[in-house]
J.: 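Got a structure here, written out as structure tokens. Questions coming.
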Number of protein chains: 2
Amino acid sequence: MSKQTTEMLKGTLEGIVLAILAVQPAYGYEITARLRDQGFSDIAEGTVYALLVRIEQRGLVDVEKVPSEKGPPRKVYSLNAQGGEYLEEFWGTWSFLAERIEQLHQRIERTNEEGE
Amino acid sequence: MSKQTTEMLKGTLEGIVLAILAVQPAYGYEITARLRDQGFSDIAEGTVYALLVRIEQRGLVDVEKVPSEKGPPRKVYSLNAQGGEYLEEFWGTWSFLAERIEQLHQRIERTNEEGE
DNA sequence: GATCGCTATTCAGTGTTGCTATCTACCGGT
DNA sequence: ACCGGTAGATAGCAACACTGAATAGCGATC
């Protein structure tokens with residue numbers, strides 16, 4: 001993965017995973033797979049598991065151990081009320097940032113057009 | 001500043017500053033002021049200076065020392081060709097991420113509506 | 001029955017980044 | 001002589017994503 005992508009994911013990957021869990025509970029391996037499906041093809045598994053530990057410790061998700069037919073037991077994560085609040089906050093922060101960056105982008109395009 | 005914002009700025013602040021420089025060359029203190037104007041009200045000065053050192057070392061900007069009437073000499077940064085390329089890459093990475101997150105956001109809103 | 005492949009989780013160590021806090025330095029006005 | 005505003009630099013810290021490897025269960029193949 002490009003270094004740019006890696007750095008940009010800091011602070012957003014957490015929100016992305018919470019958003020995935022908001023749609024439907026899931027376990028680590030499954031979350032990694034969904035991320036890949038949605039275009040984040042190169043996210044390391046270790047990264048996802050570490051993130052899940054963090055959000056669990058912060059009390060944003062509930063965890064349930066479910067035996068698996070093929071492999072060790074799964075830890076199924078689901079977004080709880082606190083996680084829901086946190087996710088709302090995330091959308092707010094994201095919107096703020098996205099708007100400002102979009103403004104900058106458009107301003108540069110205008111500047112280029114004027115300069116040509 | 002919220003911790004969420006701080007983390008989300010990692011990886012994007014660099015692009016934001018390069019974008020500001022793409023509009024017009026500027027020196028550190030001025031860049032900080034522009035960031036504040038554009039809504040990033042709590043970005044620490046130390047953060048900006050450190051970032052400028054990094055992008056200078058990577059050769060993304062040209063630097064010129066200009067004496068100031070009120071204070072020590074200014075270091076005026078301007079985006080060079082390499083920085084321009086890097087900024088283009090940044091827009092690409094940003095668009096990719098923004099699209100995916102927007103998709104997730106909309107999917108959650110649909111899920112909520114169906115559930116109500 | 002030993003190995004291989006897939007599922008599933010965990011962990012130690014690394015690099016990058018933004019923040020805090022502080023320091024230096026120049027200048028004009030009081 | 002001092003203070004406030006301008007301007008830049010730096011050391012130490014915390015958070016986060018990545019790398020690479022280890023552990024473990026299960027089914028199928030050889």
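Both backbone and side-chain heavy atoms feed into the values below; hydrogens, waters and symmetry mates do not. Computed from a predicted structure; not experimentally measured. Letters A, B, ... are given to chains in the order of the sequence lines, protein chains preceding strands, and every chain is numbered from 1.
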J.: Figure out the CG/P separation between A:Leu51 and D:dA15, and round it to whole Å.
T.: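 Answer to the nearest Å: 14 Å.
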J.: Which residue lies toward the 5' end of DNA chain C, B:Lys70 or B:Thr12, if each is placed at its nearest nucleotide?
T.: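 Final value for this comparison: B:Thr12.
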J.: Between A:Ile43 and A:Thr32, what is the shortest heavy-atom contact and its length?
T.: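 The pair with the smallest heavy-atom distance is O-CG2, 4.3 Å.
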J.: Measure CE/A:Met1 against P/D:dG20 and give the value in whole Å, please.
T.: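 In whole Å, D:dG20 P lies 13 Å from A:Met1 CE.
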J.: Whole angstroms only, please: what is the CD-C1' distance between B:Gln57 and C:dG15?
T.: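 Between C1' of C:dG15 and CD of B:Gln57: 15 Å.
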J.: Start at the 5' end of DNA chain D and walk down; is the nucleotide closest to A:Glu45 or to A:Glu14 reached first?
T.: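 Whichever sits nearer the 5' end wins; that is A:Glu14.
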J.: Under 4.0 Å between a side-chain N or O of B:Arg54 and OP1 or OP2 of C:dG15?
T.: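 It does not, given that no N or O in the side chain of B:Arg54 lies less than 4.0 Å from OP1 or OP2 of C:dG15.
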J.: Whole Å only: how far is the CD atom of B:Gln4 from the P atom of D:dA15?
T.: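 Going from B:Gln4 (CD) to D:dA15 (P), I get 15 Å.
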J.: Between A:Tyr27 and C:dA8, is there a contact of a side-chain N or O with OP1 or OP2 at under 4.0 Å?
T.: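 Yes, such a contact exists.
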J.: Atom CG of B:Leu13 and atom CD1 of A:Ile101: how far apart are they, to the nearest 0.5 Å?
T.: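 Reported value, rounded in 0.5 Å steps: 9.0 Å.
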J.: How would you label the contact of A:Gly46 with the nucleic acid (heavy atoms, under 4.0 Å): base, sugar-phosphate, or nothing?
T.: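 Touches a base.
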J.: What are the two closest non-hydrogen atoms of B:Val61 and B:Tyr77, and how far apart are they?
T.: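 Heavy-atom minimum between the residues: CG2-CD2, 3.8 Å.
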J.: Can a side chain N or O of B:Arg74 be found less than 4.0 Å away from OP1 or OP2 on C:dC26?
T.: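 Looking at the OP1 and OP2 atoms of C:dC26, neither is under 4.0 Å from any side-chain N or O of B:Arg74.
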J.: Looking at B:Ser68, I'd like to know whether one of its side-chain N or O atoms comes within less than 4.0 Å of OP1 or OP2 on D:dA7.
T.: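 Affirmative; the distance criterion is met.
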J.: Using a heavy-atom cut-off of 4.0 Å across all strands, would you classify A:Leu13 as base, sugar-phosphate, or nothing?
T.: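 Sugar-phosphate only.
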J.: Are A:Glu56 and A:Lys75 within salt-bridge range, i.e. N to O under 4.0 Å?
T.: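 Salt bridge flag = yes for A:Lys75 with A:Glu56.
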J.: Roughly, in whole Å, what's the span from NZ in A:Lys10 to P in C:dG15?
T.: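 Between P of C:dG15 and NZ of A:Lys10: 12 Å.
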J.: Given atom NZ of B:Lys75 and atom C1' of D:dT10, what is their separation to the nearest angstrom?
T.: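 From B:Lys75 NZ to D:dT10 C1': 13 Å.
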J.: I want to check one thing: is the phosphate of D:dC18, taken as OP1 and OP2, less than 4.0 Å away from some side-chain N or O of A:Thr47?
T.: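 It does, given that an N or O in the side chain of A:Thr47 lies less than 4.0 Å from OP1 or OP2 of D:dC18.
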J.: Let me confirm one number: the CZ-CD distance from A:Phe90 to B:Glu7, rounded to the nearest 0.5 Å.
T.: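 CD of B:Glu7 is found 12.0 Å from CZ of A:Phe90.
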J.: Which atoms form the tightest heavy-atom contact between A:Asp42 and A:Met1, and what is the distance?
T.: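 Where A:Asp42 meets A:Met1 most closely, the heavy atoms are O-CE, 3.6 Å.
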J.: Just N and O in the side chain of B:Tyr49: are any of them under 4.0 Å from OP1 or OP2 of D:dA9?
T.: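 Result: no.
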J.: Round to a whole Å and report the spacing from CD of B:Glu69 to P of D:dT6.
T.: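 Rounding to the nearest Å, CD of B:Glu69 and P of D:dT6 are 13 Å apart.
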J.: Nearest 0.5 Å please: distance from the CZ atom of B:Arg100 over to the CG atom of A:Leu35.
T.: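 Reported value, rounded in 0.5 Å steps: 11.5 Å.
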J.: Quick check: closest heavy atoms across A:Arg34 and A:Pro25, and the distance to 0.1 Å?
T.: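 Nearest pair, atom of A:Arg34 first, then A:Pro25: NH2-O, 4.2 Å.
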J.: Taking five pairs at each end of the helix from C:dG1-D:dC30 to C:dT30-D:dA1, what angle separates the two helix axes (nearest 10°)?
T.: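 Computed angle between terminal axes is 20°.
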J.: In whole angstrom, give the distance that lies between atom CD of A:Glu30 and atom C1' of C:dA8.
T.: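 Those two atoms, CD and C1', are 12 Å apart.
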